[in-house]
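To keep things clear, I will list the structure first and then write my remarks on it.
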Number of protein chains: 2
Amino acid sequence: MPEPFSVLAEPARRRILDLLLKRPRLVGELTDALGISQPGTSKHLRVLREAGLVTVRRDGQRRWYELRAEPLTELDAWLTPYRWMWADRFDALERQLESE
Amino acid sequence: MPEPFSVLAEPARRRILDLLLKRPRLVGELTDALGISQPGTSKHLRVLREAGLVTVRRDGQRRWYELRAEPLTELDAWLTPYRWMWADRFDALERQLESE
DNA sequence: CCAGCATATGCCCTTGCAGTTATATAGCTG
DNA sequence: CAGCTATATAACTGCAAGGGCATATGCTGG
């Protein structure tokens, strides 16, 4: 099972998850929305499936892909210790930009 | 400025951030901790710097790298609409049960 | 000013991955 | 069954990225 981090590095895959947020989708719908080829979509879906981020429901010759958000908890957990930091720390960035 | 998502896809870079969580570090320290070559470390640090995730403070021939967590807000924001699916799972279940 | 240390950059090699087209598989319909 | 539709897999290609070594840069101590 690959890491959610690397799986989500692909914009297309984040896009898919965003689409599944509203409701399950067919491969064809996703293909249209992404603007890539159908095999391309199927490959992304495979990666998402192997990461446990989507599940498939067969419906005749169609496949309904639906979201399974649970692996995202790993991301959320990693993020936790950083979360307190982003209040008002623009000063550091300014220093950096000025030094270049 | 690259996306934090792809920057964090690299385990070594997440590792660096985790180390910087406690205190600023020198390149040498990070190199030892990561078990890769010094140039390798410097390259990861460059990526992190360009993504705004670290800042450098010069101190003679040394460089103190310190964490700048603000770009992680993008990750956090993306995660937000998914969070209810696991965190508020029981709340949702309760609401559903009550409405029946 | 020279030797040595800390860090950055250039170059090369290799691997992995996203994207494509072509084809396979399986269900549906007439 | 024939042919169409929906999806998956295979084979190939191009490119980016990570890793290493060698070298440049810049500071420091003697």
Side-chain angles (χ1 to χ4, degrees), chain A residues 1-20 23-68 71 95-100, chain B residues 1-20 23-68 71:
Chain A
M1 191 116 90
E3 299 221 45
F5 285 95
S6 46
V7 172
L8 296 179
E10 254 300 309
R13 290 197 282 262
R14 293 200 299 277
R15 194 89 192 293
I16 290 177
L17 294 187
D18 287 342
L19 288 163
L20 296 184
R23 57 175 179 80
R25 310 270 181 172
L26 297 172
V27 180
E29 296 181 68
L30 295 171
T31 299
D32 294 345
L34 296 178
I36 62 178
S37 66
Q38 173 267 311
T41 306
S42 281
K43 276 164 97 176
H44 283 306
L45 287 170
R46 181 196 243 275
V47 173
L48 289 167
R49 209 184 327 128
E50 287 172 350
L53 281 162
V54 299
T55 56
V56 207
R57 188 168 49 85
R58 306 187 54 155
D59 170 26
Q61 55 186 335
R62 304 171 175 182
R63 314 280 163 106
W64 292 99
Y65 278 84
E66 43 193 297
L67 182 59
R68 184 172 163 271
R95 257 184 280 119
Q96 155 111 8
L97 291 178
E98 281 166 15
S99 72
E100 287 175 355
Chain B
M1 193 117 90
E3 299 221 43
F5 286 95
S6 46
V7 172
L8 296 179
E10 256 299 310
R13 290 196 283 261
R14 293 200 300 278
R15 195 88 195 293
I16 289 177
L17 294 187
D18 288 341
L19 287 164
L20 296 184
R23 57 175 178 79
R25 309 269 183 174
L26 298 173
V27 179
E29 296 181 68
L30 296 171
T31 299
D32 294 345
L34 296 179
I36 62 178
S37 67
Q38 173 268 313
T41 306
S42 281
K43 281 190 198 170
H44 284 307
L45 287 170
R46 182 197 242 275
V47 174
L48 289 167
R49 209 185 324 130
E50 287 171 351
L53 281 161
V54 299
T55 56
V56 207
R57 188 168 49 85
R58 309 186 52 156
D59 169 26
Q61 55 186 334
R62 306 171 172 183
R63 313 281 163 105
W64 293 98
Y65 278 85
E66 45 192 298
L67 182 59
R68 184 173 163 268

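Bear in mind that the values here come from a model prediction, so they are computed numbers and not experimental data. Numbered from 1 within each chain, the chains take letters A, B, ... in sequence-line order.
- If you check C:dT20, C:dC5, C:dT7 against the side chain of B:L26, the one that comes closest is C:dT7.
- Straight-line distance from the CD atom of B:E3 to the P atom of D:dA16: 16 Å, rounded to whole Å.
- The side chain of A:V27 lies closest to D:dT7 when the candidates are D:dT7, C:dA18, C:dG27.
- Of the candidates C:dT20, D:dC21, D:dA8, the closest approach to any side-chain atom of A:Q38 belongs to D:dA8.
- Between the P atom of C:dC17 and the CD atom of A:E50 lies a distance of 11 Å, rounded to the nearest Å.
- Between the CG atom of B:D59 and the P atom of C:dA8 there is a distance of 13 Å, given to the nearest Å.
- B:R49 contributes no side-chain N or O that, together with a main-chain N or O of B:V56, makes up a donor-acceptor pair within less than 3.5 Å.
- The shortest distance between side-chain heavy atoms of A:R58 and A:R63 falls below 4.5 Å.
- Side-chain contact between A:L48 and A:L20: absent, with no pair of heavy atoms (C-beta onward) separated by less than 4.5 Å.
- Rounded to whole Å, atom P of D:dA16 lies 16 Å from atom CZ of B:R46.
- For D:dA6, the OP1/OP2 oxygens have no side-chain nitrogen or oxygen of A:Y65 closer than 4.0 Å.
- Set against C:dA8, D:dA6, C:dC5, the side chain of B:Q61 has C:dC5 as its closest nucleotide.
- One finds the NE2 atom of A:H44 at 11.5 Å from the CZ atom of A:R15 (value rounded to the nearest 0.5 Å).
- When each of C:dG27, D:dA8, D:dA22 is scored by its nearest atom to the side-chain atoms of A:R58, the top-ranked nucleotide is C:dG27.
- In this structure, B:R63 places its CZ atom 12 Å from C1' of C:dT9, rounding to the nearest Å.
- In this structure, the nucleotide among C:dC11, D:dG18, D:dA11 sitting nearest to the side chain of B:K43 is C:dC11.
- Side-chain N/O atoms of B:H44 include none lying less than 4.0 angstrom from OP1 or OP2 on D:dA17.
- To the nearest angstrom, P of D:dT7 lies 13 Å from CZ of A:R25.
- The interatomic distance linking A:E10 (CD) with D:dC15 (P) rounds to 16 Å, in whole Å.
- Remark on DNA chain C: of its neighbouring residues A:S6 and B:T41, the 5'-side contact belongs to B:T41, judged by nearest-heavy-atom nucleotide.
- Between B:S42 and C:dT7, a side-chain N or O to OP1/OP2 separation shorter than 4.0 Å is absent.
- Counting only distance, with no hydrogens or angles, the side chain of B:R13 and the backbone of B:V7 share a donor-acceptor pair below 3.5 Å.
- Residues B:L53 and B:I16 fail the side-chain proximity criterion, which asks for heavy atoms closer than 4.5 Å.
- The phosphate of C:dT20 has OP1 or OP2 within less than 4.0 Å of a side-chain N or O from A:S37.
- In this entry the distance linking CG of B:L34 with C1' of D:dG20 reads 15 Å, nearest Å.
- If you check C:dA8, C:dA18, D:dT7 against the side chain of A:R62, the one that comes closest is D:dT7.
- At the heavy-atom level, B:G40 lies nowhere under 4.0 Å from the strands shown.
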